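To start, the structure under review is shown below, and the notes come after it.
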Amino acid sequence: QVQLVESGGGLVQPGGSLRLSCAASGSIFSIYNMGWYRQAPGKQRERVAAITSGGTTNYADSVKGRFTISRDNAKNTLFLQMNSLKPEDTAVYYCNAAITARATMSLSHYWGQGTQVTVSS
């Protein structure tokens, strides 16, 4: 009933930029913490950035100063602005959100399907 859909991935050269979006849809009561995760080939999934409902952010050391996480609560949408991209940023990026659905009024974590980001020259 509740789902997250990522978009904005693609192929970009080193030093370039991309903006990822994650739209939450369904019968939603409230969205709490949201975050972006990524998984590179042969590696564990790692958290890239997170943002609370109040706007407090946290970033992985590897992306600090380059990535910016934000959200539009009115549109139930999460963003990740990715600047100064490096080849090591190549991964499938997933959004995650803690959401209370109206149908259950219970808190659950939801994942998007992922979007591929490839940084290569």
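Reckoned from all heavy atoms, side chains included, excluding hydrogens, waters and symmetry mates. Keep in mind that this is a model prediction, so the values were computed, not measured.
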Spacing of [X] atom [atom1] and [Y] atom [atom2] [to the nearest 0.5 Å]:
X     : Y     : atom1 : atom2 : result
Gln44 : Gln39 : CD    : CD    : 7.0 Å
Cys22 : Gln3  : SG    : CD    : 10.5 Å
Ile69 : Thr57 : CD1   : OG1   : 8.0 Å
Asp89 : Ser62 : CG    : OG    : 7.0 Å
Asn76 : Ile99 : CG    : CD1   : 7.5 Å

Do Ser21 and Lys75 come close enough that some side-chain heavy atom pair is under 4.5 Å? no
Looking at Asp61 and Lys64, does any basic side-chain N land under 4.0 Å from a carboxylate oxygen? yes
What do you reckon, is [atom1] of [X] surrounded by more than 12 foreign heavy atoms closer than 6.0 Å?
X     : atom1 : answer
Phe29 : CZ    : no
Arg47 : CZ    : no
Glu88 : CD    : yes

Verify same cluster id: [X], [Y] (apolar side-chain graph, 4.5 Å):
X      : Y     : answer
Leu78  : Tyr94 : no
Val92  : Leu85 : no
Leu80  : Ile51 : yes
Val119 : Val48 : yes
Phe79  : Met34 : no

Heavy-atom pair with the smallest gap, counting every atom of [X] and [Y]:
X      : Y      : result
Tyr59  : Phe67  : CE2-O, 3.2 Å
Arg66  : Ser84  : NH1-O, 3.0 Å
Gln81  : Asn83  : NE2-OD1, 3.0 Å
Met105 : Arg102 : CG-O, 3.7 Å
Ala24  : Leu4   : CB-CD2, 3.3 Å
Val2   : Ser27  : CG2-O, 4.1 Å

Step by step, would you call Gln13 with Ser121 a side-chain contact (heavy atoms from CB on, under 4.5 Å)? CA-CA 5 Å; Gln13 294 185 352; Ser121 59; 5.5 Å; no
Do side-chain atoms of [X] reach the backbone of [Y] as a donor and acceptor pair under 3.5 angstrom?
X      : Y     : value
Gln113 : Glu6  : yes
Arg71  : Thr52 : yes
Asn96  : Trp36 : no

Walk me through it: do Thr90 and Gln116 pass the test side-chain contact (heavy atoms from CB on, under 4.5 Å)? CA-CA 8 Å; Thr90 296; Gln116 176 71 49; 4.0 Å; yes
